[in-house]
Structure formats: structure tokens, C-alpha cells
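All values derive from a computational prediction rather than experimental measurement. Start at 1 with the first residue, then count along the sequence.
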Amino acid sequence: LGVLLRAWPMALGLFTIRLVSLAAGSYVGCVIVGAPTHFRRWGWLAYVTQAGMSLGLASEIGEKFPSWGPKLEATLVSVIVLNQLIGPPLFEQA
């Protein structure tokens with residue numbers, strides 16, 4: 001639990017960067033292909049939720065790199081938890 005609490009600041013930063021990247025990438029892609037305005041504005045919200053494969057990969061990192069892997073694993077799991085909490089309402093909005 002201590003590692004998780006120390007990981008939250010980094011997790012929030014990664015979560016924010018991911019959301020901004022999803023929004024920007026989706027917007028640019030929609031502009032390039034000429035998608036309607038509502039897709040440009042809301043299309044990225046559907047991509048926030050993710051977990052299964054990411055949790056498995058985070059676990060692999062923790063096991064394969066014992067010196068620094070568990071810390072990164074805790075940070076990644078924290079980001080995944082944030083995505084799982086925020087993602088469904090955003091998906092519904094999309």
C-alpha cells in the first residue's frame with residue numbers, strides 16, 4: 001500500500017498525459033479524414049477504458065525487473081485504476 005501511495009503523483013501525471021494525447025490524436029485524425037464535428041469533440045472518450053492486457057504487462061514488468069519493476073508496476077496499476085474509474089462515464093458521454 002505504501003508503494004501505491006507513493007505512485008499516485010506519477011500515476012496522475014501519466015493519466016493526464018494519456019488523456020491529452022488521446023484527445024489530441026483523435027482530433028487530428030478526425031480532421032485529417034474529415035469526420036463530423038461531434039466525432040472530433042467526443043470520439044476520444046471511448047478509448048479511455050482499458051485494463052486486461054495492461055495489468056498483465058504491468059505484472060510482467062514487476063516480475064522481470066526486480067530492482068525497479070515493482071515500483072513501475074505500482075505506478076502503472078494506479079494509472080489503470082484511474083482509467084477504469086474515469087473511463088466508463090467518459091465512454092457513456094461519447
Side-chain angles (χ1 to χ4, degrees):
L1 184 62
V3 173
L4 218 70
L5 291 175
R6 288 190 299 271
W8 278 106
M10 176 66 86
L12 286 173
L14 290 172
F15 175 74
T16 302
I17 290 169
R18 183 173 180 273
L19 287 183
V20 170
S21 299
L22 282 172
S26 178
Y27 182 83
V28 169
C30 286
V31 168
I32 289 171
V33 300
T37 304
H38 65 277
F39 288 119
R40 294 177 191 181
R41 186 175 300 140
W42 304 110
W44 66 276
L45 296 174
Y47 301 110
V48 175
T49 302
Q50 49 82 31
M53 181 65 85
S54 300
L55 286 171
L57 291 172
S59 177
E60 284 290 315
I61 290 171
E63 291 174 14
K64 299 283 184 189
F65 304 98
S67 61
W68 54 269
K71 291 179 184 175
L72 180 58
E73 179 183 5
T75 301
L76 294 174
V77 169
S78 300
V79 172
I80 293 165
V81 167
L82 285 172
N83 285 313
Q84 289 303 107
L85 292 174
I86 304 299
L90 294 179
F91 184 70
E92 185 178 349
Q93 177 69 33

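Here CD of E73 is found 13.0 Å from NZ of K64. Values are rounded to the nearest 0.5 Å. The CG atom of L90 sits 11.0 Å away from atom CG of L85, with the distance rounded to the nearest 0.5 Å. Atoms CG and CG, from L14 and L19 in turn, are 11.0 Å apart once rounded to the nearest 0.5 Å.
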Determine all donor-acceptor pairs shorter than 3.5 Å in which one atom belongs to a side chain in residues 20-37; sequence neighbours excluded.
unit_1: S21; atom_1: OG; unit_2: I17; atom_2: O; d: 2.8
unit_1: S26; atom_1: OG; unit_2: W44; atom_2: N; d: 3.4

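Heavy-atom minimum distance, L82 versus A11: CD1-O, 4.1 Å. Summarising the geometry of V77 relative to A58, their closest heavy-atom pair is CG2-CB, 4.4 Å, with the distance given to 0.1 Å. The shortest heavy-atom contact between P70 and P66 is CD-O, 3.6 Å.
Using a 4.5 Å cut-off on side-chain heavy atoms (C-beta onward), F15 and V81 make no contact.
Residues F39 and W42 do not share a hydrophobic cluster, defined by chaining ILVMFWY side chains whose heavy atoms lie under 4.5 Å apart.
Not a single donor-acceptor pair under 3.5 Å links the side chain of S59 to the backbone N or O of L55.
Residue L76 shares its hydrophobic cluster (ILVMFWY side chains chained together at separations under 4.5 Å) with I61, F65, W68, L72.
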